[in-house]
*Asks:* 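Below are the structure tokens for one structure; questions will follow.
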Amino acid sequence: QVQLVESGGGLVQAGGSLRLSCAASGRTSSSYAMGWFRQAPGKGREFVAAISWSGGSTNYADSVKGRFTISKDNAKNTVYLQMNSLKPEDTAVYYCAADPARGLLTIRSQYGYWGQGTQVTVSS
């Protein structure tokens, strides 16, 4: 009942910045926790950042703390991931996820809805 579409991925040099967006459609009137995950070619899908429905609580993977910022706009049904000081190891397909919950969700299996992913490539 909820569709997620990521955008904003692309190629950027190390040290640069990129902003990802995830637009939700469908039954978006409910309360949804949102999150970002990523998957590199030789790795599994790992947690990146999460935000509660209200936006009052956030959580980040250690690898991105201090560099990435997750935010959301409930009125626009959109979640964002601002990525600064990008490193080559940030290269991956980034997925946004949502679940009808108010709390903070940081585990992949907790999310019921997923986007198709957007490629982020960071050159050295």
*Asks:* List, one per line, each side-chain donor-acceptor pair under 3.5 Å for residues 12-21, sequence neighbours excluded.
*Replies:*
residue, atom, partner, partner atom, Å
S17, OG, N84, OD1, 2.8
R19, NE, Q82, OE1, 2.8
R19, NH2, Q82, OE1, 3.3

*Asks:* Going through the checks in order, is the side chain to side chain contact (heavy atoms under 4.5 Å, CB included) test met by Q119 and T91?
*Replies:* CA-CA 8 Å; Q119 178 69 48; T91 295; 4.0 Å; yes

*Asks:* Is there a ring pair (Phe, Tyr, Trp, His ring centres under 6.0 Å) between W114 and F37 once you walk through the steps?
*Replies:* CA-CA 10 Å; W114 293 84; F37 291 75; 5.1 Å; yes

*Asks:* Would you find a donor on one side and an acceptor on the other, under 3.5 Å apart, between the side chain of T58 and the backbone of I51?
*Replies:* no

*Asks:* For residues 100-110, run the donor-acceptor check on the side chains, cut-off 3.5 Å, and write out each pair with its distance to 0.1 Å, sequence neighbours left out.
*Replies:*
residue, atom, partner, partner atom, Å
Q110, OE1, T106, N, 3.1
Q110, OE1, I107, N, 3.0

*Asks:* On a heavy-atom basis, which atom in L81 and which in A49 lie closest, and how many Å separate them?
*Replies:*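 Nearest pair, atom of L81 first, then A49: CD1-CB, 4.2 Å.
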
*Asks:* Any donor and acceptor pair, going by atom type alone, linking the side chain of T118 with main-chain N or O of E6 inside 3.5 Å?
*Replies:*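 Checked: no pair found.
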
*Asks:* Could you report the tightest heavy-atom contact between S52 and G56, atom names first, then the distance?
*Replies:*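 Taking S52 first and G56 second, the nearest heavy atoms are OG-N, 3.4 Å.
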
*Asks:* Just checking, is any N or O donor in the side chain of E46 or Q39 under 3.5 Å from an acceptor N or O on the other one?
*Replies:* no

*Asks:* For side chain to side chain contact (heavy atoms under 4.5 Å, CB included), just list the numbers for V93 and Q116, CA-CA rounded to whole Å, side-chain angles, deciding distance to a tenth of an Å, and then say yes or no.
*Replies:* CA-CA 9 Å; V93 176; Q116 82 290 338; over 6 Å; no

*Asks:* Quick one: do Y111 and M34 satisfy side chain to side chain contact (heavy atoms under 4.5 Å, CB included)? Show the steps, please.
*Replies:* CA-CA 8 Å; Y111 288 93; M34 305 289 291; 5.6 Å; no

*Asks:* For Y95, what residues pass the ring-ring contact (aromatic ring centres under 6.0 Å, His included) criterion, not counting sequence neighbours?
*Replies:*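 By the ring-ring contact (aromatic ring centres under 6.0 Å, His included) rule, Y95 matches no residue at all.
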
*Asks:* Check which hydrophobic residues are tied to Y80 through side-chain heavy-atom contacts below 4.5 Å, counting indirect links as well, and list them.
*Replies:*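 In the cluster with Y80 there is nothing else; it is isolated.
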
*Asks:* What heavy-atom pair brings G9 and V120 nearest, and what distance separates the two atoms?
*Replies:* CA-CG2, 4.2 Å

*Asks:* Sequence neighbours left out, what pairs pass salt bridge (charged side-chain N to carboxylate O under 4.0 Å, His left out) with at least one residue falling in residues 65-76?
*Replies:*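 For residues 65-76, and leaving out neighbouring residues, the salt bridge (charged side-chain N to carboxylate O under 4.0 Å, His left out) pairs sorted by first residue read D62-K65, R67-D90.
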
*Asks:* Using side-chain heavy atoms (C-beta onward) and a distance below 4.5 Å, is W36 in contact with C22?
*Replies:*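 In short, these two side chains touch, coming nearer than 4.5 Å.
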
*Asks:* Kindly determine whether R38 and S63 satisfy side chain to side chain contact (heavy atoms under 4.5 Å, CB included), including the steps that lead there.
*Replies:* CA-CA 12 Å; R38 67 186 183 186; S63 59; 3.4 Å; yes

*Asks:* Show every salt bridge (charged side-chain N to carboxylate O under 4.0 Å, His left out) that has at least one partner inside residues 114-124, sequence neighbours left out.
*Replies:* none

*Asks:* Does the separation of the ring centres of Y60 and F47 fall below 6.0 angstrom?
*Replies:* no

*Asks:* Of all the heavy-atom pairs spanning L4 and A24, show the shortest one and how long it is.
*Replies:* CD2-CB, 3.6 Å

